[in-house]
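Remember, predicted model here, so these are calculated numbers, not experimental data.
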2 protein chains.
Amino acid sequence: MPVETKTSTLTTTECAVLGLLARGPKSGYDLKKAIDRSVGYFWGPAKSQIYAVLPSLVEAGYATSRTVAQERRPDKEVYRITARGRAALRRWVEEAPASPTPDRNPLLLKIFFGEHASPEILLEQVRARRAEMEQLKDELNAIEEQARDGTHDFFPQLTRMYGRRYAEAIIGWADDVERKFEQRRER
Amino acid sequence: MPVETKTSTLTTTECAVLGLLARGPKSGYDLKKAIDRSVGYFWGPAKSQIYAVLPSLVEAGYATSRTVAQERRPDKEVYRITARGRAALRRWVEEAPASPTPDRNPLLLKIFFGEHASPEILLEQVRARRAEMEQLKDELNAIEEQARDGTHDFFPQLTRMYGRRYAEAIIGWADDVERKFEQRRER
DNA sequence: GTCATCATGTAATCTGTTACATGATTTC
DNA sequence: GAAATCATGTAACAGATTACATGATGAC
């Protein structure tokens, strides 16, 4: 009887986890931390989702788990990627095309329906987003400093470049909005 | 016994629908079309989700529905926003803050784990995204032309400005990536 | 002694998607 | 005669979130 293998449609969260496991074995807790410091900027699943996904990776044969007893902490499950897991990761990364840009932006929805709100409150929201983007730039620059070792940083660096471009676009737009509101007030 | 009113936490899809109903009564089908031509660029629910949300708006007292018999088509339900619906819409638009920027971008995840793929395939994906952004710019420019009437276009225009800034950021980044890969090939 | 952090996970729920189901009308 | 579009909705299910639950250790 043939072994039933999970059809190789991995969810994006599974791939994020698999990608991080490819750098070394980790527990759910480790993964959460690793995600928050890396791919969390563009893929940030909830902790519970990470824990939910791990057993299904094992079931699919993409990872193995091993219970590690700890002295002063609860036991932990440490997950390790398998050769089949690496193959699946590669398939996913190469598979075209990455679903088009996420079309979910509540702030734009609020702007679109801005006639129902007071201009001041809307501007506050735009300014808040602008401030977030300034902060993002600072964070990315800080990471850039740390990553000066260079090696193994080529691809992550490309994502930081994206972040900077993105942040600057929003900042530029926020300034546009500010100007447009001023022009409008003058009339 | 007090009337149980749905607690006023509207989902984003409900607000999108409410916002469009604020411009006039519509059926589910009308809404789908209206969304695709407007807010669909940053909030694009599935048709079934629109149909699912409408009865719950009625239940919450934010809209009323009326069955309209049609001669050569199935009867349709036409929804109309209520005063309470307008108030709820306003509350939502003004309520701070719009949840931070959507942190879900599968393309960046693929780039981040790019070492597991061939450079050519990755570049193809980046170029595909670039092409999408060029197309987005064209679409936005076309809409801009049509919207020359001016009136009632202030807020939608701000969202198109966002779209243009965004598209240009991605295009600039795609060119960065192209350059970085070339540099890397040379070494 | 209190609070943050380490460390693990489960339960309940929600939001939304894809696939299903139906049928008339207009255009080529 | 076929295909696209008008027009309505339902069913099944998946993916993810928030809240729940527990307990030790180290810092202040």
Between Thr13(A) and Gly28(B), just flag the one whose closest nucleotide in DNA chain D comes earlier from the 5' side. Gly28(B)
Would you kindly compare Val53(B) and Lys47(B) by the position of their nearest DNA chain C nucleotide and give the one closer to the 5′ end? Val53(B)
Send over the distance from Asp30(A) CG to dA7(C) P, rounded to a whole Å. 8 Å
Tyr166(A) and Tyr162(A) aromatic ring geometry - parallel, tilted or perpendicular at 30°/60° bounds: parallel
Protein-nucleotide distance (Gln49(A), atom CD; dT17(D), atom C1'), rounded to Å: 8 Å
Please confirm whether any donor atom in the side chain of Ser48(B) sits under 3.5 Å from an acceptor in the base of dT18(C), or the reverse. yes
Does Gln49(A) reach the main-chain N or O of Ala46(A) with its side chain, forming a donor-acceptor pair under 3.5 Å? no
Taking dT18(C), dA16(D), dG9(C) as options, the one with an atom nearest any side-chain atom of Arg104(B) is dA16(D)
Within this structure, what is the CD-to-C1' distance between Glu14(A) and dA16(D), rounded to whole angstrom? 12 Å
Atom-to-atom span, CH2 of Trp43(A) to C1' of dT17(D) - whole angstrom: 13 Å
What's the CD-P distance between Glu77(B) and dT10(D), to the nearest Å? 10 Å
Quick check, are the ring centers of Phe154(A) and Phe181(B) under 6.0 angstrom apart? yes
Do the charged groups of Asp176(A) and Arg179(A) touch, with an N to O distance under 4.0 Å? yes
Nearest whole angstrom, please: distance from the C1' of dG16(C) to the NZ of Lys32(B). 13 Å
Value in whole Å for how far the P atom of dA7(C) lies from CG of Leu54(A): 16 Å
Separation of dC6(D) P from Tyr51(B) OH (nearest whole Å): 12 Å
